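After the structure tokens below, expect a handful of questions from me.
Heavy-atom basis, side chains included; hydrogens, waters and symmetry copies ignored. Keep in mind the model is a prediction, meaning the values are calculated, not measured. Order of the sequence lines sets the chain letters (A, B, ...), proteins ahead of strands, with each chain counted from 1.
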Amino acid sequence: MNAKRKWYTKPLLGLGLLLGATFAGFPILWMIANSLKPNSEIFAWPPVWISPNSSLEPYLAVFQDPAKMRFFFNSYLVSTIVVIVTLAISILAAYAFSRFDFPGKMVINALIIAIQAVPPITLLIPYMALVVALRLYNTYTALVLTYLLFTLPYAILMMTGYMNTLPKDLDEAVMIDGGSRFRALWNVLVPTALPGIVAVGMFTFMRAWNEYLFALTLTRTNEMRTVPVGISLLMGQHAYQWNQMLAMSVIGSLPVLLLFLFFQRYFIAGMTAGSVKT
Amino acid sequence: MRDAVAQRQPRFARLGPVLKHGTPYAYLSPTLLLIILLLVVPIFLVIKYSFYDNVIINKNPVWVGLENFRIILRDSRFHTAVRNTLIFVSVSVVGHLVLGLSFALLLNNRVFSARTTGIFRVVYVLPWMFTGAVIAILWQMMLNPNGIVNYLLSVTGLSDAKIAWLSSRKYALGAVTFMNIWAGYPFFMVSILAGLQGISEDLYEAAAIDGANAVQQFFRITIPQLKPILISLLTLDFVWTIFQFDLIWITTGGGPLYATETLSTYIYKQAFSRFQYSQASVAAVLVLIACTVIAIFYARQQVARD
């Protein structure tokens with residue numbers, strides 16, 4: 001096919017690629033450029049493409065504001081706990097799915113797949129009632145608990161897929177030597193499955209970090225709120241502090257962006273886990 | 001006597017068969033417990049709420065049968081929300097598919113080096129990395145009357161009016177739909193790209209020998225080969241888009257004048273601004289029924305592929 005390629009294929013394809021990159025990337029670049037500008041220049045007409053007055057001042061303002069830093073602390077805390085709990089539970093569940101045949105396996109598996117199609121907002125009203133009844137309103141526990149329903153299905157499916165690729169001889173060798181099943185899982189399977197665990201962990205972190213609806217509804221005070229809610233609240237409070245809102249958006253996106261750039265391969269594997277079977 | 005015999009055996013030996021069958025369930029028990037607490041109980045509750053007068057606010061709610069369903073089904077705002085949701089979802093899903101497929105095809109080329117395409121792939125995935133609140137702020141800035149979008153339209157001579165995209169009844173729904181397409185296409189792109197790379201080269205070579213041109217190859221080989229992935233993607237995206245909440249809530253809050261009111265903003269307002277929890281539950285139950293049908297379809301399709 002390469003030999004018969006027409007002369008215009010390459011420039012046309014290159015143009016297409018560049019147009020696509022502009023569509024995807026320009027809004028992000030514009031956000032970063034504006035986050036460095038003084039407020040008065042953000043909606044200048046004609047636009048100030050790169051401002052000579054650019055500075056890191058909006059970023060410093062965010063970092064020096066303890067209320068805003070609290071959003072970051074909350075997000076890191078909640079996301080980290082969600083990752084740990086999700087990993088622990090999904091490793092156990094994946095072990096059951098990957099190493100046993102048992103009555104009800106198909107049904108439970110189908111149920112876990114189907115949970116992915118349950119819209120969060122339909123559960124929000126009963127969650128609110130349950131969280132209030134359990135005296136968990138406006139607590140980290142409420143967020144961690146409710147996030148689990150949406151991180152676990154994906155984590156279990158992906159982890160099971162990964163464990164299925166590991167030979168059964170690995171854990172059976174431990175058990176022949178007299179070790180328990182749990183030791184086989186903990187000492188042999190978990191270390192071997194580490195790449196898969198890292199992938200699931202990052203994906204879970206991203207989900208938890210980006211969650212908005214439950215964080216908005218199940219918390220009340222700014223001390224308990226997470227970054228996405230914090231950013232959206234800035235819109236109301238400082239309607240004119242655009243550069244600070246944008247700076248906070250950039251800072252708030254960095255953890256996920258960095259994870260993505262460093263572990264791209266895992267991310268792609270994670271994104272496609274739900275819909276593509278290899 | 002029997003006890004004495006049993007005691008001479010190692011402890012739990014009698015439990016052997018039970019344990020053997022129980023083991024997988026033991027490993028699954030945290031998952032099952034959470035499914036019951038976080039899925040089964042809440043779904044039961046939300047269905048129950050829909051048949052009572054105002055729950056949560058009212059300490060002793062009274063059974064009112066289908067009264068709430070009558071109220072909701074006659075509410076013109078609910079009709080608007082359903083209509084807007086259908087427009088928002090169908091345009092978004094088609095947009096995701098078209099952009100995702102086009103970008104995946106662009107990236108799946110042999111013309112440029114793997115390194116070059118790799119860089120483009122990273123750029124193309126970027127919109128998917130941002131949380132809804134950031135995308136909302138980002139596009140609110142772009143779509144401001146004095147924003148860059150209006151500037152580019154005026155420079156290129158397409159429109160000189162400084163359109164307030166998100167606060168105009170005429171354009172707001174289109175604007176949030178566009179934002180949602182921008183934010184969501186990478187999920188399609190990456191999945192389709194993985195699918196494209198799984199299609200055997202032999203198929204194309206055989207088609208080329210038979211004289212099929214690029215367009216014929218696309219419709220006769222690429223699309224049929226991608227079909228299972230596309231069905232999964234469309235199903236999942238359909239459900240996810242029904243409940244896109246963040247973008248709409250932060251940019252327009254369902255306004256102006258319900259122009260962008262969708263089922264998610266409708267349910268949220270009914271519950272958490274108007275405190276009509278029972279009526280909100282009715283809307284939630286109606287959508288849950290729709291999504292359950294889709295979910296069963298999806299799960300059956302996924303299990304069949306395993």
Side-chain angles (χ1 to χ4, degrees), chain A residues 2 9-10 13 16-17 20-21 24-25 27-28 30-31 34 43 45-47 89 92-93 95-96 100 102 106 110 113-115 117-123 125-127 129 148-149 152 156 181 210 212-213 217 228 231-232 242 245 249 252-253 256-257 260 268 271-272 274-278, chain B residues 24 27-28 30-31 34 38-39 42 45-46 56 103 106 109-111 120 123-124 126-127 129-134 137-138 141-142 144 146-148 151 187 190-191 194-195 229 232-233 239 242-243 245-246 250 264 267-268 271-272 277 280-281 284 287-288 291 294-295 298-299 302-303 305:
Chain A
N2 277 359
T9 308
K10 193 165 183 174
L13 199 62
L17 280 169
I28 299 162
W30 192 234
M31 168 170 76
N34 276 348
F43 295 115
W45 191 285
I89 296 176
L92 293 176
Y95 182 67
F100 293 93
F102 50 91
M106 284 282 276
I113 294 173
I115 293 175
V118 174
I121 207 165
T122 53
L123 301 175
I125 299 163
Y127 278 179
L148 286 179
L149 186 71
L152 274 177
I156 293 172
R181 279 199 169 278
N210 286 346
Y212 176 76
L213 178 63
T217 316
I231 291 174
S232 72
W242 273 94
M245 281 177 359
S249 301
S253 309
V256 172
L257 275 180
F260 168 68
I268 305 286
M271 278 176 82
T272 52
S275 53
V276 184
K277 295 269 161 59
T278 43
Chain B
Y27 282 101
L28 274 174
T31 307
L34 280 171
L38 294 172
L39 186 76
L45 281 177
V46 77
I56 300 183
F103 285 0
L106 276 176
N109 69 65
R110 301 279 162 69
V111 181
F120 278 106
V123 176
Y124 286 5
L126 282 179
M129 296 294 125
F130 294 91
T131 180
V134 170
I137 289 199
L138 169 63
M141 168 189 79
M142 306 273 296
N144 187 283
N146 286 312
I148 193 85
Y151 178 77
F187 177 65
V190 172
S191 303
I229 296 173
S232 296
L233 285 172
V239 175
I242 290 179
F243 280 89
F245 173 78
D246 321 8
I250 299 170
S264 56
I267 294 175
Y268 189 85
F272 300 102
Y277 290 105
S281 298
V287 182
L288 196 61
C291 288
I294 301 171
Y298 176 68
Q302 288 294 89
V303 170
R305 283 172 65 194

Item to check | Region of A280(B) in contact with chain A, defined by heavy-atom distances below 4.5 Å | outcome: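 Both backbone and side chain.
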Item to check | Interchain contact, V123(B) with chain A, by part (heavy-atom threshold 4.5 Å) | outcome: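 Both the backbone and the side chain of V123(B) come within 4.5 Å of chain A.
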Item to check | Closest contact, heavy atoms only, P30(B) versus L92(A) | outcome: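 In terms of heavy atoms, the two residues are closest at CG-CD1, 4.2 Å.
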Next on the checklist: Heavy-atom pairs under 4.5 Å with chain B - which of I156(A), L13(A), L148(A) has more of them than the others?
Outcome noted: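 The candidate making the most pairs under 4.5 Å is L13(A).
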Checklist entry - If you take all heavy atoms of M141(B) and F43(A), which pair is closest and at what distance? => result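 Looks like O-CE2, 3.4 Å.
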Next on the checklist: Can you confirm whether T131(B) sits close enough to V256(A) that some side-chain heavy atom of one is under 4.5 Å from a side-chain heavy atom of the other?
Outcome noted: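 Sidechains of V256(A) and T131(B): no contact.
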Item to check | Note, W242(A) side chain near I137(B) side chain (heavy atom, < 4.5 Å) | outcome: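 Result yes, sub-4.5 Å side-chain heavy-atom pair found.
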Checklist entry - Given the options G16(A), G25(A), G20(A), S253(A), which has more heavy-atom pairs under 4.5 Å with chain B than any of the others? => result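 When all of G16(A), G25(A), G20(A), S253(A) are compared, G20(A) has the most.
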Checklist entry - Does any heavy atom of chain A fall under 4.5 Å from the side chain of Y124(B), the backbone, both, or neither of them? => result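 For Y124(B), backbone and side chain are both near chain A.
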Item to check | chain B contact via L17(A) - side chain, backbone, both or neither, heavy atoms under 4.5 Å | outcome: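 Its backbone and side chain both get close to chain B.
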Item to check | Minimum-distance pair of heavy atoms, taken over all atoms of S264(B) and I121(A) | outcome: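 In terms of heavy atoms, the two residues are closest at O-CD1, 3.1 Å.
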Checklist entry - Is the shortest heavy-atom distance from the side chain of N109(B) to the side chain of T9(A) under 4.5 Å? => result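 When only atoms from C-beta onward are counted, T9(A) and N109(B) do not touch, as no gap falls below 4.5 Å.
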Checklist entry - Top residue by heavy-atom pair count (under 4.5 Å) with chain A, among F272(B), Y277(B), F103(B)? => result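 Highest number of heavy-atom pairs under 4.5 Å: F272(B).
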Next on the checklist: Using a 4.5 angstrom heavy-atom cutoff, name the option from I115(A), L257(A), N210(A) with the most pairs to chain B.
Outcome noted: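 Option with the top pair count is N210(A).
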Item to check | Minimum side-chain heavy-atom gap F243(B)-L213(A) below 4.5 Å | outcome: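 The answer is no, as the side chains (C-beta and beyond) never meet within the 4.5 Å cut-off.
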Item to check | Segment of W45(A) engaging chain B (4.5 angstrom heavy-atom cut-off) | outcome: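 Only the side chain of W45(A) comes within 4.5 Å of chain B.
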Checklist entry - Is it the side chain or the backbone of F130(B) that comes within 4.5 Å of chain A heavy atoms, both, or neither? => result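 For F130(B), the contact with chain A is made by backbone and side chain together.
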Item to check | From I89(A) atom CD1 to Y27(B) atom OH, the distance as rounded to the nearest 0.5 Å | outcome: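 OH of Y27(B) is found 15.0 Å from CD1 of I89(A).
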Checklist entry - chain B: which of A129(A), A110(A), A21(A) shares the most heavy-atom pairs with it under 4.5 Å? => result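 Looking at each option in turn, the highest pair count goes to A21(A).
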Next on the checklist: If you compare all heavy atoms of F102(A) against all heavy atoms of L28(B), which two are closest, and at what distance to 0.1 Å?
Outcome noted: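 Closest approach of F102(A) to L28(B), heavy atoms only: CZ-CD1, 3.4 Å.
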Next on the checklist: Just so I know, are the side chains of L288(B) and P119(A) near enough to count as touching, which here means a heavy-atom distance under 4.5 Å?
Outcome noted: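 Answer yes - side chains close enough.
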Checklist entry - Do the non-hydrogen side-chain atoms of T122(A) and V46(B) ever get within less than 4.5 Å of each other? => result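 Side-chain contact under 4.5 Å: no.
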Checklist entry - Of the non-hydrogen atoms in P127(B) and I28(A), which two are nearest, and what is the gap between them? => result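 Of all heavy-atom pairs spanning P127(B) and I28(A), the closest is N-CD1, 4.4 Å.
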Next on the checklist: Show the nearest heavy-atom pair for residues P126(A) and L45(B), with the distance to one decimal.
Outcome noted: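 Smallest interatomic distance, heavy atoms only, reads CB-CB, 3.9 Å.
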Checklist entry - Of the listed residues (I231(A), N34(A), T217(A)), which shares the most heavy-atom pairs with chain B below a 4.5 Å separation? => result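 Top option by heavy-atom pairs under 4.5 Å: T217(A).
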Checklist entry - Mind checking whether L39(B) and L123(A) have side chains closer than 4.5 Å, heavy atoms only? => result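 Side chain of L39(B) against side chain of L123(A), heavy atoms only: contact under 4.5 Å found.
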